[in-house]
Amino acid sequence: MDLTQQARDIQNKRVEETNKDNSESIECSKITMDLKFNNSRKYISITVPSKTQTMSPHIKSIDDIVVLGMNLSKFNKLTQFFICVAGVFVFYLIYGYLQELIFSVEGFKSYGWYLTLVQFAFYSIFGLIELQLIQDKRRRIPGKTYMIIAFLTVGTMGLSNTSLGYLNYPTQVIFKCCKLIPVMLGGVFIQGKRYNVADVSAAICMSLGLIWFTLADSTIAPNFNLTGVVLISLALCADAVIGNVQEKAMKLHNASNSEMVLYSYSIGFVYILLGLTCTSGLGPAVTFCAKNPIRTYGYAFLFSLTGYFGISFVLALIKIFGALIAVTVTTGRKAMTIVLSFIFFAKPFTFQYVWSGFLVVLGIFLNVYSKNMDKVRLPSLYDLINKSVEARKSRTLAQTV
């Protein structure tokens with residue numbers, strides 16, 4: 001009897017402990033289920049978030065497309081498209097105008113890297129402000145990845161800004177339109193890729209257009225220098241790489257645009273600052289800009305602000321409508337930038353610029369077509385001949401009647 005009583009007491013204690021554990025787990029929003037299999041106990045714990053816990057705001061708002069505090073998800077697709085296109089054209093046209101205006105300041109052309117330093121500082125501040133406006137402030141992408149992205153960003157923007165000291169602005173823009181060439185070369189030599197006839201034709205058209213445009217520039221432009229061609233070509237190579245690295249990092253770690261801007265540009269700012277300090281290029285640039293603060297720092301602030309806003313609309317355009325529409329819109333913007341450059345800033349002009357520009361645009365069209373051959377079907381030569389024959393027959397019949 002004593003043994004039986006002891007066994008009952010032990011069983012009762014176990015039941016009380018189990019009930020106590022269950023009540024505590026319920027308070028902690030945990031549900032414990034008791035399952036019996038072959039006289040053995042197994043516990044499965046399912047954790048349910050308590051009321052005080054909230055889901056990540058980034059996850060909740062992943063479908064929302066917010067640009068400069070404006071939620072575009074509330075509008076229909078057509079309205080979203082016009083808002084994004086208007087934002088890209090307005091801000092980037094002002095951006096291009098201010099960039100050329102800064103380099104038109106006498107004596108400023110040798111300070112392209114300092115302008116990039118100031119631009120990176122403003123971008124970092126804008127990214128920090130935007131990051132404070134959203135609730136999810138965690139850094140998702142590893143620091144090593146940001147160091148690589150920052151290095152490529154410095155190469156892209158620093159070399160591009162510096163090249164304006166040696167080239168006309170339209171020549172620089174034409175080179176920027178031809179990112180496909182270094183991308184294809186990298187794909188062939190690094191990854192062993194093979195491209196179709198449309199891609200090869202696009203690269204050939206862009207190359208011929210660039211050569212023709214550069215030859216025209218070297219003939220009539222007084223400030224043409226081959227150093228500028230080398231600088232903008234290196235900037236293109238860095239730009240071709242950075243897009244792939246950024247896209248992979250943002251998709252892999254689900255990072256926000258403001259996080260990418262803040263960390264990549266702030267680390268890039270440190271890179272440029274160290275470079276200018278080591279090369280003794282910081283002191284003369286600061287002294288020069290201090291003499292003309294409005295025409296240097298004032299223009300640089302507006303230049304950086306419009307560039308930051310423009311980037312936001314381009315990213316929104318890519319996210320909503322895809323890269324095809326984004327490339328088409330930005331190419332139209334670059335063409336408009338070249339036209340405005342000849343209107344607002346006096347420079348020599350030749351019709352070789354027009355024909356070489358058409359070759360580059362044709363190359364861009366062939367590149368876009370090659371990526372969307374399944375969606376866009378151009379009529380063959382046989383179809384065009386048949387249509388013309390049928391049209392002639394119908395005209396003859398109409399005249400006979």
Side-chain angles (χ1 to χ4, degrees), residues 68 88 90-105 107-131 146-147 149-167 169 172-173 175-176 228 231-232 234-236 238-239 242-243 246 257-277 279 281-290 292-315 330 333-334 337:
L68 307 181
V88 169
V90 170
F91 289 117
Y92 268 118
L93 288 178
I94 298 174
Y95 174 88
Y97 173 79
L98 289 170
Q99 186 179 30
E100 192 166 5
L101 185 64
I102 293 172
F103 279 93
S104 66
V105 176
F108 188 81
K109 288 188 175 181
S110 59
Y111 301 123
W113 278 108
Y114 184 70
L115 173 65
T116 311
L117 178 73
V118 175
Q119 187 179 5
F120 272 52
F122 282 128
Y123 276 21
S124 302
I125 295 171
F126 299 151
L128 180 62
I129 294 173
E130 187 176 1
L131 195 64
Y146 273 128
M147 293 179 71
I149 294 174
F151 178 79
L152 293 172
T153 307
V154 168
T156 300
M157 300 183 67
L159 295 172
S160 178
N161 286 338
T162 308
S163 68
L164 276 179
Y166 305 92
L167 296 174
Y169 184 75
Q172 187 216 45
V173 175
F175 268 88
K176 285 183 177 181
L231 290 174
I232 194 62
L234 292 174
L236 266 186
D239 194 23
I242 192 174
Q246 282 180 331
N257 295 337
S258 54
E259 178 197 331
M260 175 65 69
V261 171
L262 172 62
Y263 288 100
S264 58
Y265 284 100
S266 57
I267 296 174
F269 174 83
V270 176
Y271 287 163
I272 301 174
L273 183 63
L274 291 174
L276 287 176
T277 304
T279 57
L282 186 63
V286 173
T287 303
F288 176 84
C289 293
N292 305 281
I294 296 178
R295 299 184 67 191
T296 52
Y297 292 117
Y299 290 166
F301 171 75
L302 296 176
F303 165 69
S304 304
L305 185 66
T306 52
Y308 186 83
F309 288 167
I311 289 173
S312 301
F313 281 104
V314 169
L315 292 174
T330 53
R333 188 274 305 173
K334 289 174 183 176
T337 302

Heavy-atom donor-acceptor pair, [X] side chain to [Y] backbone, under 3.5 Å:
{"X": "T296", "Y": "C289", "result": "yes"}
{"X": "S104", "Y": "L101", "result": "yes"}
{"X": "S124", "Y": "S266", "result": "yes"}
{"X": "Q99", "Y": "F303", "result": "no"}

Is any side-chain heavy atom of [X] less than 4.5 Å from a side-chain heavy atom of [Y]?
{"X": "L117", "Y": "L273", "answer": "yes"}
{"X": "Y97", "Y": "L93", "answer": "no"}
{"X": "F126", "Y": "L262", "answer": "no"}
{"X": "L164", "Y": "K109", "answer": "no"}
{"X": "I102", "Y": "R295", "answer": "no"}
{"X": "Y114", "Y": "I272", "answer": "no"}

Once rounded to the nearest 0.5 Å, what's the spacing between atom CG of L282 and atom CH2 of W113?
14.0 Å

Atom pair CZ/OG1 of F269 and T116 - distance to nearest 0.5 Å
12.0 Å

Show, in sequence, the C-alpha distance, side-chain angles and deciding distance for Y308 and E130, and conclude whether the side-chain hydrogen bond (donor to acceptor under 3.5 Å, both in side chains) test is met.
CA-CA 11 Å; Y308 186 83; E130 187 176 1; 2.3 Å; yes

Test ring pair (Phe, Tyr, Trp, His ring centres under 6.0 Å) on F309 and F91; report intermediate values, then the result.
CA-CA 7 Å; F309 288 167; F91 289 117; 5.2 Å; yes

Evaluate the side chain to side chain contact (heavy atoms under 4.5 Å, CB included) criterion for residues Y169 and T337: first the C-alpha distance (whole Å), next the side-chain angles of each, then the deciding distance (0.1 Å), finally the verdict.
CA-CA 9 Å; Y169 184 75; T337 302; 3.2 Å; yes

Minimum heavy-atom distance between [X] and [Y], given as atom pair plus value:
{"X": "L115", "Y": "A300", "answer": "CD1-CB, 3.9 Å"}
{"X": "S160", "Y": "Q172", "answer": "O-NE2, 2.8 Å"}
{"X": "G268", "Y": "A150", "answer": "N-CB, 3.6 Å"}
{"X": "G112", "Y": "N161", "answer": "O-CB, 3.9 Å"}

[X] and [Y] aromatic centres sub-6.0 Å:
{"X": "Y265", "Y": "Y123", "value": "yes"}
{"X": "Y111", "Y": "F288", "value": "yes"}
{"X": "Y95", "Y": "Y92", "value": "yes"}

Intermediate values then yes/no, side chain to side chain contact (heavy atoms under 4.5 Å, CB included), I232 and L167
CA-CA 9 Å; I232 194 62; L167 296 174; 4.0 Å; yes

Between V118 and F301, does the side chain to side chain contact (heavy atoms under 4.5 Å, CB included) criterion hold? Intermediate values first, please.
CA-CA 8 Å; V118 175; F301 171 75; over 6 Å; no

Kindly determine whether L276 and Y271 satisfy side chain to side chain contact (heavy atoms under 4.5 Å, CB included), including the steps that lead there.
CA-CA 9 Å; L276 287 176; Y271 287 163; over 6 Å; no

Take E259 and Y146, measure what side-chain hydrogen bond (donor to acceptor under 3.5 Å, both in side chains) needs, and give me the verdict at the end.
CA-CA 10 Å; E259 178 197 331; Y146 273 128; 2.7 Å; yes

